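Here's the structure, in structure tokens; my notes come after.
Owing to the predicted nature of the structure, the values given are computational and were not obtained by experimental measurement. Values reported hereafter were calculated over all heavy atoms of this structure, with side chains retained and with hydrogens, waters and symmetry mates removed. When a ligand or atom number is given, it counts from 1 through the structure's own listing order.
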Amino acid sequence: MQITVLRETQANEARVALVPESVRKLVALKAAVAVESGAGLLAGATDDAYREASADVHVDRESLLASADVLAAVNRPAAEDIGRLKEGAVVLGFLRPLDEPAALEPVVTQKLTAFAMELIPRITRAQAMDALSSMATVVGYKSVLMAADQIPRMFPMLMTAAGTVPPARVLVLGAGVAGLQAIATARRLGAVVEAYDVRKAAGEQVRSLGAQFLEVDLGGIQTEDAGGYAVELSEEALKRGRDLIAERAKSADVIITTAQVPGRRAPLLVTEEAVQGMKRGAVVVDLAGATGGNCAAARPGETVEREGVLIMSPLNLAATVPVHASQLYSRNVTAFLSLLIKEGALNIDMADDVVGPACVTHRREYVHPRVAAALEELAGR
Ligand code: NAD
């Protein structure tokens with residue numbers, strides 16, 4: 001059974017799906033691993049490091065695809081690459097099945113078995129496979145460094161012979177995985193941090209990191225679902241949050257926004273008026289750009305300026321920390337693959353409570369309902 005790793009082709013992508021450390025683990029499970037030459041270079045993994053880990057390194061991408069039983073990827077592979085895989089092969093990666101279901105048509109027609117890393121359930125048993133959390137951790141960290149690099153002041157409070165320098169003030173909106181990592185990073189740099197989230201449970205986590213939790217009276221409405229995710233709020237509840245944020249934004253040097261609601265547009269939390277009320281030189285880093293953004297002024301993938309306030313909306317920030325992002329992702333992928341491998345062969349148990357829910361399509365016998373609906377719509381046009 002051959003697991004193949006290719007060089008990622010998406011623009012600005014520097015991550016690799018499997019690093020040599022994981023190759024060793026997979027080889028110990030009696031799988032063979034084949035890697036395209038140069039696949040890991042931007043993530044610090046040379047061809048020699050892969051060879052030392054017992055992978056085969058090849059330059060011929062087409063033959064690597066044709067011989068693959070499993071294609072492990074970071075991003076959804078291009079349709080051209082998908083078309084070269086053999087029927088029944090497995091492909092896994094961030095496939096974006098809910099955002100771009102129609103793009104998975106080649107995977108379905110090719111009768112592949114596809115697993116989306118973003119569909120892996122966040123249950124205790126699957127914690128080691130939680131690639132969303134891994135990437136959110138990297139993104140939360142990096143967003144604070146980007147902001148620190150842009151603001152015209154320092155983060156820590158300094159007491160010098162020339163007097164005292166006050167600490168930077170950071171406001172974090174959304175205290176999930178990325179938000180908590182942003183809080184921790186800003187605190188390590190010495191900033192004074194405030195955070196806001198609609199989930200009550202976030203309060204304790206925010207405070208345990210030495211930040212202040214901002215609470216809004218939402219009149220006791222339900223703010224989270226049974227899975228612990230935030231739900232879409234009413235306009236009135238959102239407005240109460242926005243008013244508090246606009247008030248706190250006035251003294252912030254940095255705002256990091258991370259708020260998301262699964263399957264919905266990201267909530268608008270920082271209005272144009274709130275940006276206008278910010279200090280010159282302040283920076284907003286909007287991490288929800290891919291789902292519409294939390295800041296009204298943000299443009300996904302761009303940096304814009306409003307009277308001296310910079311609003312950054314970086315996309316694919318995890319790829320800017322490729323060594324550790326790849327290491328974490330590779331461990332997540334390896335933990336998932338180890339569920340699919342028995343005695344060196346593929347053994348897909350769709351009844352498994354992690355494998356089944358992560359599946360987008362299985363040899364056309366199963367197609368995820370959202371993907372099936374998108375394909376029907378395409379056929380009807
Ligand atoms: P996410 O990326 O979906 O959202 C980020 C944050 O935005 C969340 O904390 C959410 O509550 C917040 N948010 C949404 N709407 C908001 C609004 N209008 N105003 C302010 N904040 C808003 O979240 P995530 O980081 O993926 O984590 C979501 C939940 O899942 C958390 O409870 C987290 O602890 C939990 N989680 C569990 C596991 C596990 O058990 N394996 C792993 C990861 C995360």
Side-chain angles (χ1 to χ4, degrees), residues 94 98-99 117-141 143 171-184 194-209 211 213-219 221-249 255-271 274 284-296 315 317-318 328-329 331-332 335-336 353-354 357-358:
F94 284 121
L98 304 182
D99 317 334
M117 294 304 285
E118 44 290 65
L119 291 183
I120 290 177
R122 283 170 137 177
I123 56 175
T124 308
R125 181 174 161 244
Q127 257 174 5
M129 306 164 205
D130 187 351
L132 285 179
S133 285
S134 297
M135 296 307 106
T137 299
V138 175
V139 166
Y141 159 82
S143 65
L171 173 61
V172 176
L173 306 177
V177 182
L180 290 172
Q181 191 54 237
I183 295 169
E194 292 178 326
Y196 171 63
D197 198 300
V198 288
R199 291 181 300 110
K200 279 246 172 312
E204 201 181 324
Q205 292 166 321
V206 166
R207 284 188 283 267
S208 75
L209 291 170
F213 188 59
L214 302 175
E215 289 190 69
V216 176
D217 180 8
L218 297 177
I221 57 163
Q222 188 202 344
T223 56
E224 60 187 275
D225 63 16
Y229 281 102
V231 294
E232 201 169 30
L233 299 186
S234 66
E235 196 44 40
E236 167 57 24
L238 274 173
K239 186 181 173 313
R240 289 192 193 182
R242 281 181 205 134
D243 289 348
L244 174 77
I245 290 162
E247 190 50 41
R248 304 311 304 153
I255 300 182
I256 309 276
T257 80
T258 74
Q260 310 249 23
V261 177
R264 298 265 183 266
R265 191 207 179 282
L268 176 63
L269 299 178
V270 185
T271 60
V284 179
V285 184
D286 188 339
L287 296 179
T291 51
N294 296 137
C295 177
L315 298 173
L317 205 47
L328 296 173
Y329 182 71
R331 288 177 185 164
N332 298 142
F336 183 74
D353 62 359
V354 175

- Query: Checking side-chain contact (heavy atoms from CB on, under 4.5 Å) for the pair Asn294/Leu173: CA distance, chi angles, key distance, verdict?
  - Reply: CA-CA 9 Å; Asn294 296 137; Leu173 306 177; 5.8 Å; no
So which atom in [X] and which in [Y] form the shortest heavy-atom distance, rounded to 0.1 Å?
X: Gly289; Y: Leu315; answer: C-CD2, 4.1 Å
X: Tyr196; Y: Gly241; answer: OH-CA, 3.7 Å
X: Asp217; Y: Gly219; answer: OD1-N, 2.9 Å
X: Ala195; Y: Ile183; answer: CB-CD1, 3.6 Å
X: Ala128; Y: Ala335; answer: O-CB, 3.8 Å
X: Met129; Y: Phe336; answer: CG-N, 3.7 Å

Taking only heavy atoms of [X], which atoms of ligand 1 are found under 4.0 Å from at least one of them?
X: Tyr196; value: 19 (N), 20 (C)
X: Arg199; value: 8 (C), 9 (O), 10 (C), 11 (O), 31 (C), 32 (O)
X: Pro267; value: 15 (N), 16 (C), 17 (C), 18 (N)
X: Gln127; value: 41 (N)
X: Val177; value: 25 (O), 43 (C), 44 (C)

Return the closest protein heavy atom for [atom] as residue, atom name and distance.
atom: atom 42 (C) of ligand 1; answer: Asp130 OD2, 3.1 Å
atom: atom 7 (O) of ligand 1; answer: Ala259 CA, 3.2 Å
atom: atom 8 (C) of ligand 1; answer: Asp197 OD2, 3.5 Å
atom: atom 43 (C) of ligand 1; answer: Ser133 OG, 3.0 Å
atom: atom 1 (P) of ligand 1; answer: Gln260 CB, 3.8 Å

- Message: Other residues, nucleotides and ligands only: do more than 12 of their heavy atoms fall within 6.0 Å of CZ on Phe94?
- Response: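 Atom CZ in Phe94 is packed in, count exceeds 12.
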- Task: May I have all residue pairs that pass salt bridge (charged side-chain N to carboxylate O under 4.0 Å, His left out) and include part of residues 171-180, sequence neighbours excluded?
- Result: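 Pairs touching residues 171-180 that pass the test: none.
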Decide whether an N or O pair under 3.5 Å exists between [X] and ligand 1.
X: Arg122; value: yes
X: Leu269; value: no
X: Gln205; value: no
X: Ile123; value: no

- Task: Quick one: pull up CD in Gln181 and CG in Leu209 and give me the separation to the nearest 0.5 Å.
- Result: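 That separation rounds to 8.5 Å.
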- Query: From Arg264 CZ over to Thr291 OG1, what is the distance, rounded to the nearest 0.5 angstrom?
  - Reply: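 It is 12.5 Å, given to the nearest 0.5 Å.
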- Does the protein put any heavy atom within less than 4.0 Å of atom 14 (C) of ligand 1?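 True for atom 14 (C) of ligand 1.
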- Item | Closer than 4.0 Å: a protein non-hydrogen atom to atom 33 (C) of ligand 1 |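 No, because not a single protein heavy atom sits under 4.0 Å from atom 33 (C) of ligand 1.
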Is the closest heavy atom of [X] to ligand 1 under 4.0 Å?
X: Gly228; answer: yes
X: Leu132; answer: no
X: Ala136; answer: no
X: Ala175; answer: yes
X: Thr258; answer: yes

- Charged N to carboxylate O under 4.0 angstrom, Lys239 versus Glu235?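 Glu235 and Lys239: not salt-bridged.
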- Query: Is it the side chain (CB and beyond), the backbone, both or neither of Thr223 that lies under 4.0 Å from ligand 1, heavy atoms counted?
  - Reply: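 No part of Thr223 comes within reach of ligand 1.
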- Query: Between Val261 and ligand 1, which residue portion shows a heavy-atom distance shorter than 4.0 Å: side chain, backbone, both, or neither?
  - Reply: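 It is the side chain that touches ligand 1; the backbone stays farther off.
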- Message: Go through it in stages, so that I can follow the logic: the residues are Gln205 and Asp197, the test is side-chain contact (heavy atoms from CB on, under 4.5 Å), and I'd like the CA-CA distance, side-chain angles, deciding distance and then a yes or no.
- Response: CA-CA 11 Å; Gln205 292 166 321; Asp197 198 300; over 6 Å; no
- Just go through Val198, Leu238, Asn294 and tell me whose heavy atom is the nearest to atom 17 (C) of ligand 1.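 Result: the heavy atom closest to atom 17 (C) of ligand 1 is in Val198.
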- Task: Just jot down the side chain to side chain contact (heavy atoms under 4.5 Å, CB included) partners of Ser143, sequence neighbours excluded, or say none.
- Result: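 If we apply the side chain to side chain contact (heavy atoms under 4.5 Å, CB included) test to Ser143, skipping adjacent residues, the hits are Ala182, Ile256, Val285, Leu287, Leu317.
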